[in-house]
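Presented below is the structure to which this report refers.
Quick note on labels: first sequence line is chain A, next is B, and so on, each numbered from 1. What's counted below: heavy atoms across the whole structure, side chains too, no hydrogens, waters or symmetry copies.
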2 protein chains.
Amino acid sequence: MTALKENIVPVPGQIETRLWLQLLSLHGELFASLSAMLNSEFGLSLAKFDVLAQLDRYRDGLALGQLSQNLKVTGGNVSGLVQRLLADGLISREMSSEDRRSFIVRLTPKGEALFRKAADVHKKHLGKRFENVSARELDGALSVLKSLSSKLHTETKKQSRKR
Amino acid sequence: MTALKENIVPVPGQIETRLWLQLLSLHGELFASLSAMLNSEFGLSLAKFDVLAQLDRYRDGLALGQLSQNLKVTGGNVSGLVQRLLADGLISREMSSEDRRSFIVRLTPKGEALFRKAADVHKKHLGKRFENVSARELDGALSVLKSLSSKLHTETKKQSRKR
DNA sequence: TTGACTTACTTCACATGTAAACGTATGCTA
DNA sequence: TAGCATACGTTTACATGTGAAGTAAGTCAA
């Protein structure tokens, strides 16, 4: 009797764990393949690509703190990334005119040109990896992931202000 | 005419990119929350948890190379992880009787006890994060991710284009 | 104005990951 | 069986990530 019910009342957390493992696997596969491609074709890491993408979107430049928020990484991490991108000549940095603690970083022409090419190949690469998946299924998968994200139970750790 | 068709023939790679970004976002959120939980409750990183999970599954122990393969990380990484887990007293290490180049690592009783508790909380944590998602939707999402993984176009890296 | 926070960024110590160069042990082949 | 290629693990150099501590600059109450 209880044995039969296992089809109906699964172990709590069981399906969620499988879902997480499957998500990990898909993420790892795509992450590795995008990393390898960006690195071999453009000498870019995914982390650097993400910074360039932010700066491409915010053409007036961003302060390091904003970059840190948008990328959801710590300030210390952004500090290092920015230093390496400066050394690569892909971004420029100037003091903020309003706040002397603040720096504004922007794409250089070289950075912009590289990002345009890299973003194009990035997109085509994903298109290639998913070429066996129908447009309908892709749309469905996108909806499913959006739905999951929106329904994620908020962690009620420490209450803090939003934005 | 071409403008109207954009609903039917989207930019190649566009949907795939959105799907990737959504996947990244969900992965990042869950990864961060699992990491924080494991670290604060058990002093474990997700990387260490993954090693313990492998050793829990293979009770006869694993060689470092097998660990590296199963976890899909490099040997150098496993070397360091194993050293830290040894220092934590969570695993033990002995020479292989068959191959003197090889080491076999196993869970210690302490490691096993910690992993059992951590795995249980890990599962419950995921159950909690997904508590607003119906069992039907969870099943559906799992199917979708499995399908995507199985249909991922295999990379034909070093292979020449002419077959 | 002063003193106390707060904010912006850097730096440090460390964990985790990669790739490449080693040293040693195995195993195959000629 | 001698020698070479391969496999196993370690080490090194580096990138990327965190959290905490430190410095300088901005803000606000009294």
- To the nearest angstrom, the CZ-C1' distance between B:F103 and C:dT24 comes to 11 Å
- Task: Using a 4.5 Å cut-off on heavy atoms from C-beta on, say whether the side chain of A:Q22 contacts that of B:K146.
- Result: yes
- Message: What I'd like to find out is whether the side chain of B:D56 reaches to under 4.5 Å of the side chain of B:R116, using heavy atoms alone.
- Response: yes
- Main-chain N/O of B:L21 paired with B:S25 side-chain donor or acceptor, under 3.5 Å: no
- To the nearest Å, how far apart are B:L46 CG and D:dT16 P? 21 Å
- Message: Suppose we call a contact any N or O donor and acceptor under 3.5 Å apart; does that hold for the side chain of A:R101 and the base of D:dA24?
- Response: no
- For A:E98 and C:dT7, give me the distance from atom CD to atom C1', rounded to whole Å. 15 Å
- Message: Taking the basic N atoms (NZ, or NE/NH1/NH2) and the acidic carboxylate oxygens, is any pair closer than 4.0 Å for A:E112 and A:R106?
- Response: no
- Look at the aromatic rings of B:H122 and B:F49 and report parallel, tilted or perpendicular, splitting at 30° and 60°. parallel
- Task: Using only side-chain N and O atoms of A:R100, determine if any of them is under 4.0 Å from OP1 or OP2 of D:dA24.
- Result: no
- Query: Which whole-number value in Å describes the distance from B:L67 CG to D:dG9 P?
  - Reply: 9 Å
- Classify the ring geometry between A:W20 and B:H27 as parallel (under 30°), tilted (30 to 60°) or perpendicular (over 60°). parallel
- Query: Rounded to the nearest Å, what distance is computed from the CE atom of residue B:M37 to the P atom of nucleotide D:dT18?
  - Reply: 18 Å
- Message: Quick check on D:dT10: is either OP1 or OP2 less than 4.0 Å from any side-chain nitrogen or oxygen of B:R93?
- Response: yes
- Whole angstrom value for the distance that separates P of C:dC9 from CG of A:D99: 8 Å
- Message: Would you say A:S102 places a side-chain N or O within less than 4.0 Å of OP1 or OP2 belonging to C:dT7?
- Response: no
- Are a donor atom and an acceptor atom from the side chains of B:S149 and A:E29 found within less than 3.5 Å of each other? no
- Message: In this structure, how many angstroms lie between the P atom of D:dA15 and the CG atom of A:N39, rounded?
- Response: 11 Å
- Message: Contact list please: residues 74-91 of chain B against DNA chain C, heavy atoms, distance less than 4.0 Å, in numerical order.
- Response: B:T74, B:N77, B:L81, B:R84
- Residues from residues 56-65 of chain B sitting under 4.0 Å of DNA chain D, heavy atoms only? B:A63, B:L64, B:G65
- Ignoring hydrogens and geometry, is there a side-chain-to-backbone donor-acceptor pair from A:T108 to A:L90 under 3.5 Å? yes
- Under a 4.0 Å N-O cut-off, is there an ion pair linking B:E137 with A:K151? yes
- Note on the structure: When rounded to whole Å, the NZ to P distance for the pair A:K72 and D:dT18 reads 12 Å
